[in-house]
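In what follows, a single structure is set out as structure tokens and then discussed.
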Amino acid sequence: MNKSIDPTRLQQHPNRRQALALAGAAVLGAVMAPRLAFGQDDEEVLTEALVLRDGDIPVAGNPDGDISIVEYFDYNCPYCRKIAPEIRQVVQDDGKVRLVLKDWPILGEVSVIASRMALACKYQDKFIQAHDALIGINSKLTESRISELLAGAGIDVDRAKKDLATNAKAIDAILARNNDQALAFGFKGTPSFIVGKFRVPGILTMAQFDQAIADARKAAAKK
């Protein structure tokens with residue numbers, strides 16, 4: 001597994017518009033008959049522990065929830081921005097969902113910078129604030145805009161930069177793990193999801209998320 005992030009290695013797949021044409025038609029079917037994310041033949045990169053409960057990634061929602069939603073996202077992905085408030089509402093309304101936010105910066109160098117800075121903010125316990133600030137805008141990020149948004153969210157940007165420098169190896173290892181997982185799952189673009197133990201390669205409506213969560217709970221109850 002690579003331990004450093006090279007924007008040129010992260011995404012060798014179709015762009016998001018092309019991916020949507022493939023994934024969109026399958027989304028409803030994925031909710032009604034989701035594919036298992038974990039199987040007996042999975043490689044080490046797809047263990048449940050690393051995918052659902054990576055201790056290096058802060059958790060939103062209910063940390064003690066009975067179902068995990070894992071989102072692979074890019075801060076410069078307009079579809080990720082659009083769906084963010086809906087995911088937040090679904091998680092809030094349910095009350096028992098762990099939301100695991102996995103940076104997958106596949107849309108260029110600025111995306112990598114944004115992800116690294118957001119993860120650096122966890123060292124001042126402000127990853128969620130950083131995430132909300134960066135995912136909550138409607139325009140493309142730039143390096144200077146990233147700093148402005150983080151500062152506006154009450155984050156000590158100078159400290160974040162120092163924490164990034166100090167913890168660069170650990171942060172880049174997180175991004176490498178996320179990337180390896182997303183590619184191993186066969187995801188074609190952002191956003192992509194794991195709901196419980198099922199993979200959902202595309203965008204869902206709030207109602208479809210609710211159904212996917214219910215299906216995941218039913219599957220867990222059968223064990």
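- Across V200, V100, V195, a single residue satisfies side chain to side chain contact (heavy atoms under 4.5 Å, CB included) together with V70, and that is V100.
- Here the side chains of Q208 and Q211 are not in contact, with every heavy-atom distance at 4.5 Å or above.
- Nearest approach of A160 to A120, heavy atoms of both residues: O-CB, 3.4 Å.
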N/O donor-acceptor pairs under 3.5 Å from side chains in residues 91-99, not counting sequence neighbours:
unit_1, atom_1, unit_2, atom_2, d
D93, OD1, Q89, NE2, 2.7
D93, OD2, Q89, NE2, 3.4
D94, OD1, K96, N, 2.9
D94, OD1, R217, NH2, 2.8
D94, OD2, R217, NH1, 2.9
D94, OD2, R217, NH2, 3.4
R98, NE, P63, O, 3.1
R98, NH1, L52, O, 3.1
R98, NH1, S68, OG, 2.5

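- Looking at heavy atoms from C-beta onward, Y123 lies out of side-chain contact with T166 at the 4.5 angstrom threshold.
- The closest donor-acceptor contact from the side chain of D74 to the backbone of L107 lies under 3.5 Å.
- A 6.0 Å sphere centred on CD of E143 holds no more than 12 heavy atoms belonging to other residues, nucleotides or ligands.
- Smallest separation of non-hydrogen atoms from G189 and I106: CA-CD1, 4.2 Å.
- Between K140 and V110 the shortest side-chain heavy-atom distance does not fall below 4.5 Å.
- Contact check for T190 versus Y79: no side-chain heavy atoms found under the 4.5 Å cut-off.
- Atom CG of L119 sits about 7.0 Å away from atom CD1 of I57, to the nearest 0.5 Å.
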Side chain to side chain contact (heavy atoms under 4.5 Å, CB included) between R199 and F187: does it pass, once the steps are laid out? CA-CA 9 Å; R199 69 188 86 184; F187 292 147; 4.2 Å; yes
Evaluate L101 against I135 for side chain to side chain contact (heavy atoms under 4.5 Å, CB included), listing each step before the verdict. CA-CA 11 Å; L101 298 163; I135 206 71; over 6 Å; no
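- By the ring pair (Phe, Tyr, Trp, His ring centres under 6.0 Å) test, F73 is found to be paired with Y75, H131, residues two or more places apart in sequence or in another chain being considered.
- Taking CG from L164 and NZ from K162, the interatomic distance works out to 13.0 Å, rounded to the nearest 0.5 Å.
- Side-chain contact check for R81 versus N76: some heavy-atom pair is nearer than 4.5 Å.
- The backbone N or O of R159 sits nowhere less than 3.5 Å from a side-chain atom of Q124 that would complete a donor-acceptor pair.
- Atom CG of D215 and atom NZ of K197 lie 15.0 Å apart (nearest 0.5 Å).
- Counting heavy atoms from C-beta outward, D54 and K102 have side chains that approach closer than 4.5 Å.
- K122 has its side chain out of reach of I171: every pair of non-hydrogen atoms, C-beta onward, lies at least 4.5 Å apart.
- One finds the CD1 atom of I203 at 7.0 Å from the NZ atom of K82 (value rounded to the nearest 0.5 Å).
- Nearest heavy atom pair, residue L141 against residue I137, reads CD2-CD1, 3.3 Å.
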Between D56 and R177, does the side chain to side chain contact (heavy atoms under 4.5 Å, CB included) criterion hold? Intermediate values first, please. CA-CA 11 Å; D56 291 330; R177 285 201 301 276; 3.1 Å; yes
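- Residues G65 and R53 approach most closely at O-NH2, 4.3 Å, considering heavy atoms.
- For the pair L204 and E86, the minimum side-chain heavy-atom distance is 4.5 Å or more.
- Taking every heavy atom of both residues into account, F127 and A118 meet most closely at CD1-O, 3.2 Å.
- To the nearest 0.5 angstrom, L150 atom CG is 5.0 Å from L134 atom CG.
- Looking at every heavy atom in both residues, K126 comes nearest to G154 through NZ-O, 2.6 Å.
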